[in-house]
Every structure is written in C-alpha cells, then in structure tokens.
Amino acid sequence: MKLSGITFLPTYNCNACCSHCFFDTKACKQYMEPDIVHKVFENYKITKFMTWVHVSGGEILLNQRACFDLIETIQLYFKKNIGISTNAFWATNSSVAYDVVQTLVSLGVNGIAVSADYFHSPYVPLSHIKRAVQAIVDSGITTHCYIMGAQCKSDVLNSNDINSVSQQIAAYVKGNTNMPLAPTNIRSIGYGSKINLPKKQIVPNGKCTDLSECLGKRGPLNPKMVWIDCYGNVMICYGIIIGNIYKTSFAEIIANYSPKQSIIIDILTEKGPIGLYELAQQMNVVVVKEFYDECDVCYSSRKALQPFFSELGPAECYPY
Ligand code: SF4
Ligand code: SF4
C-alpha cells in the first residue's frame with residue numbers, strides 16, 4: 001500500500017453523543033500515547049510519500065495536554081499538511097478559543113475542521129462553534145479549514161427538515177467569515193446506520209468503493225490511507241483492522257497489506273458487503289435483513305460477525 005495520508009484517532013471518547021456517530025464515545029477514556037506516533041514514523045520509506053496527516057476522534061481536545069503533545073510529536077516527523085477535526089466544545093470564551101487555536105497553529109496544524117449541524121447542536125452551544133470559527137479565521141490558516149456539516153441524502157427520512165436546520169446552523173456559525181462549508185453525507189456506519197432510513201428489503205450488492213470520504217473511489221484493493229487508533233489498531237475502514245503496531249511494525253503492516261490477509265477483507269474485496277452478509281448466514285449468525293446501502297450491509301454484517309473475527313474491532317467501532 002502506498003499511503004497518501006493517515007488519520008490518527010487519539011481517542012474514541014467525546015463530550016457529545018451525536019445520533020449519527022460512527023463510534024461508541026462513552027465506553028473508554030483512553031488517549032493515544034505519543035509512542036504510537038514514533039512507531040508509525042520510524043520507517044521513513046513507508047511515510048515519505050504522504051502529503052497529509054489528520055487527527056480526529058472522538059473529541060481530540062477533551063484532553064488538551066495529550067492532544068498538544070501528540071501533535072507536537074507528529075510534527076517532529078511530518079512537516080506537510082496537518083489537519084484536525086473538533087466539535088469546538090472548548091471555545092467557552094474568546095480568549096480560550098484564541099489560545100487553543102494559536103497553540104494548534106504553533107504546533108504545525110494548518111487545517112481545522114469544525115462540526116456544526118443538526119446532530120451536534122444538542123451537545124455544543126452554537127456560540128462556542130462560532131467563536132472557534134472566528135479564532136480559526138483570525139489565525140490566518142486557510143488551507144484545510146471547513147465548517148463540516150453532516151447531511152442526509154435526499155431519500156432519507158426527514159432529510160429536508162434535518163438538512164434545512166443544518167444549513168441554518170452552518171450559516172449562523174459562518175457569519176460573515178470566509179470559512180467554507182463542507183456538507184458530508186451521513187454514512188451507514190455505527191449509529192449512522194440508524195439514521196439512514198428507510199431500509200430496503202433487497203440486499204444491495206455493489207462493491208465497497210467508499211473507504212475514504214475525500215480520496216475518491218477507494219476499495220480494499222487500493223486503500224491509500226489508514227486510520228490508527230489509541231490501541232495501536234491500523235484500520236482500512238472504521239472497525240476493520242489490518243494490524244496492530246504494538247504487535248507488528250507499522251512498516252510491515254503497510255508493506256505486507258493484502259486483501260488476502262483476512263477472510264473478511266478477502267470476501268469484501270471479491271464479493272462486496274453482500275459476501276459478509278452471506279457469511280453471517282452460513283455461520284447461522286443473526287443479522288438484520290433490511291439495509292439502506294452497501295455500507296449498511298457491511299456494517300450490520302460485521303457487527304454480527306465481530307465476536308468471531310479478531311480483525312473486526314475494537315468494540316467502540318461497533319456501537320450497536
Ligand atoms: S460525531 Fe463527533 S462530536 Fe459527535 S459524538 Fe461522534 S465524535 Fe463526538
Ligand atoms: S463500511 Fe464496508 S462497504 Fe462501506 S466503506 Fe467501509 S468497508 Fe467499504
């Protein structure tokens with residue numbers, strides 16, 4: 001695998017419980033140790049073609065000291081684009097907002113994505129998000145800064161109402177700044193599977209092509225990026241582990257990656273998510289029978305199969 005970038009997931013923990021979240025954000029408060037970053041970058045051959053690193057969660061700024069230490073460690077090795085995602089709960093006043101953003105920028109962060117939509121609004125006051133946006137704009141970083149809004153596809157139940165609220169929220173926090181809006185469709189992964197309704201009785205039989213939201217069509221044959229979590233799990237999609245850097249060097253995990261390394265990834269590659277659904281049926285594992293799309297088939301089947309396959313984990317990626 002030739003990596004273009006890595007998303008670090010320093011924690012699954014979050015102050016919020018958004019109804020579309022990929023993760024169980026209340027199960028564990030563990031935060032990534034910087035030694036994971038050292039292990040990732042110890043072999044320059046594997047990371048030298050990368051153009052970006054992203055740090056996401058969970059809410060990474062729940063533990064500000066640990067977050068800053070981690071980004072400082074990343075910057076020791078990687079001087080290109082470093083982006084983060086946050087829900088901005090920490091921007092309790094302008095002074096705090098400016099301090100946090102300035103610290104991030106001083107550590108080499110040149111992109112900050114802030115979430116603002118219908119789903120986040122019960123947990124984070126809009127005034128906090130607006131303050132964070134202003135502090136980001138005033139910091140002068142512009143390359144990869146966005147107001148991220150989860151939106152429902154047009155065929156999803158109540159999509160008009162939900163998207164309309166999200167658009168109003170995004171417009172409010174943007175105000176008269178030039179921060180671009182980046183609406184992203186809710187994926188049928190984790191709790192997102194409960195949002196994407198109605199489900200169809202025919203099992204969708206397309207291939208996996210949506211491994212990454214922003215790198216175009218990507219499947220298990222050409223992943224291009226990995227997620228690395230606080231347990232050292234290296235994943236090609238949330239909850240599909242291809243190795244653990246506490247057991248195997250990161251260089252080996254990436255250099256030796258092949259869809260054939262795992263029954264789950266092999267089936268996913270050859271047959272698509274419907275193959276995992278069939279596997280669950282062959283194993284007499286109970287799995288739901290109605291799905292919104294291919295990711296829904298994949299997530300629901302993996303959730304059912306998870307107790308039997310060590311590459312399906314951690315538990316935080318299978319919230320219900
Ligand atoms: S979607 Fe983001 S802000 Fe919401 S619970 Fe999940 S990690 Fe937290
Ligand atoms: S949920 Fe499954 S089908 Fe969807 S992108 Fe991830 S691995 Fe592919």
Side-chain angles (χ1 to χ4, degrees), residues 7 9-28 55-62 84-90 113-124 128-129 132 148-150 166 184-196 203-227 229-230 235-242 259 262 264-277 291-303 305-306 311-312 316-319:
T7 293
L9 301 172
T11 183
Y12 291 106
N13 193 205
C14 186
N15 57 301
C17 293
C18 301
S19 56
H20 71 310
C21 188
F22 295 143
F23 306 129
D24 177 354
T25 59
K26 299 299 180 197
C28 178
V55 186
S56 181
E59 174 48 54
I60 63 169
L61 284 158
L62 269 186
I84 69 141
S85 299
T86 177
N87 65 28
F89 82 97
W90 40 268
V114 181
S115 301
D117 54 42
Y118 168 92
F119 299 96
H120 290 81
S121 61
Y123 304 101
V124 184
H128 291 38
I129 310 174
M148 306 290 294
S166 290
T184 52
N185 289 333
I186 292 173
R187 305 178 69 186
S188 303
I189 300 174
Y191 290 114
S193 170
K194 284 186 171 182
I195 301 285
N196 284 337
V203 185
N205 60 3
K207 290 289 182 83
C208 162
T209 57
D210 201 17
L211 277 182
S212 154
E213 283 127 317
C214 44
L215 300 181
K217 298 276 180 206
R218 294 274 155 207
L221 284 171
N222 60 349
K224 269 289 221 194
M225 68 162 288
V226 290
W227 283 262
D229 75 3
C230 53
M235 302 183 281
I236 56 164
C237 187
Y238 305 102
I240 303 183
I241 297 168
I242 61 169
S262 130
I264 295 292
I265 306 175
D266 190 27
I267 291 175
L268 190 61
T269 309
E270 295 299 324
K271 298 185 175 176
I274 196 171
L276 299 181
Y277 175 72
F291 308 96
Y292 175 75
D293 61 7
E294 279 75 7
C295 286
D296 202 12
V297 181
C298 183
Y299 173 75
S300 303
S301 304
R302 285 193 280 116
K303 167 75 183 164
L305 291 165
Q306 197 216 341
E311 64 266 50
L312 297 178
E316 286 90 335
C317 289
Y318 293 92

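Note that the numbering runs from 1 along the sequence shown for the chain. All ligand and atom numbering here is 1-based and tracks the order in the structure.
The ring-ring contact (aromatic ring centres under 6.0 Å, His included) check on W90 picks up nothing, with sequence neighbours excluded. Y238 is linked by a ring-ring contact (aromatic ring centres under 6.0 Å, His included) to F22, F23, W227, counting only residues two or more places apart in sequence or in another chain. Shown here are the ring-ring contact (aromatic ring centres under 6.0 Å, His included) partners of H20, two or more places apart in sequence or in another chain: F119, H120.
Among protein heavy atoms, atom 6 (Fe) of ligand 1 sits closest to C21 SG, 2.3 Å. Residue, atom and distance of the protein heavy atom nearest to atom 1 (S) of ligand 2 are R302 NH2, 3.3 Å. In terms of protein heavy atoms, atom 5 (S) of ligand 1 is closest to C18 N, 3.3 Å.
Under a cut-off of 6.0 angstrom, the local environment of OH in Y118 is sparse, with at most 12 non-hydrogen atoms contributed by other residues, nucleotides or ligands.
I265 has its side chain out of reach of E311: every pair of non-hydrogen atoms, C-beta onward, lies at least 4.5 Å apart.
Using a 4.0 Å cutoff on heavy atoms, G58 counts as a contact of ligand 1.
For K207 (side chain) and E270 (main-chain N/O), a donor-acceptor pair under 3.5 Å exists by modelled atom type. Listed for the K217 side chain is no donor-acceptor partner under 3.5 Å among the backbone atoms of C208. The backbone N or O of C17 lies less than 3.5 Å from a partner atom in the side chain of Y123, making a donor-acceptor pair.
Within ligand 1, counting atoms from 1 as listed, the ones closer than 4.0 Å to a heavy atom of H120 are 1 (S), 2 (Fe), 3 (S), 4 (Fe). Within ligand 2, counting atoms from 1 as listed, the ones closer than 4.0 Å to a heavy atom of L268 are 7 (S). Taking a cut-off of under 4.0 Å to the non-hydrogen atoms of C14, the atoms of ligand 1 that pass are 3 (S), 5 (S), 7 (S), 8 (Fe). Per-residue contacts place H20 under 4.0 angstrom from the following atoms of ligand 1 (heavy atoms of the residue considered): 1 (S). Proximity to P273 (heavy-atom distance under 4.0 Å) selects the following atoms of ligand 2: 3 (S).
Using modelled atom types, one finds a donor on one side chain and an acceptor on the other under 3.5 Å when comparing T86 with E59. If you check the side chains of N87 and N15, you find a donor sitting under 3.5 Å from an acceptor.
Nearest-residue assignment for atom 3 (S) of ligand 1 (options T86, V124, N87; heavy-atom criterion): N87.
Annotation: protein N, O or S atoms under 2.8 Å of atom 6 (Fe) of ligand 2 (waters excluded) comprise C237 SG.
The distance from atom CG of D210 to atom CG of N185, rounded to the nearest 0.5 Å, is 9.0 Å.
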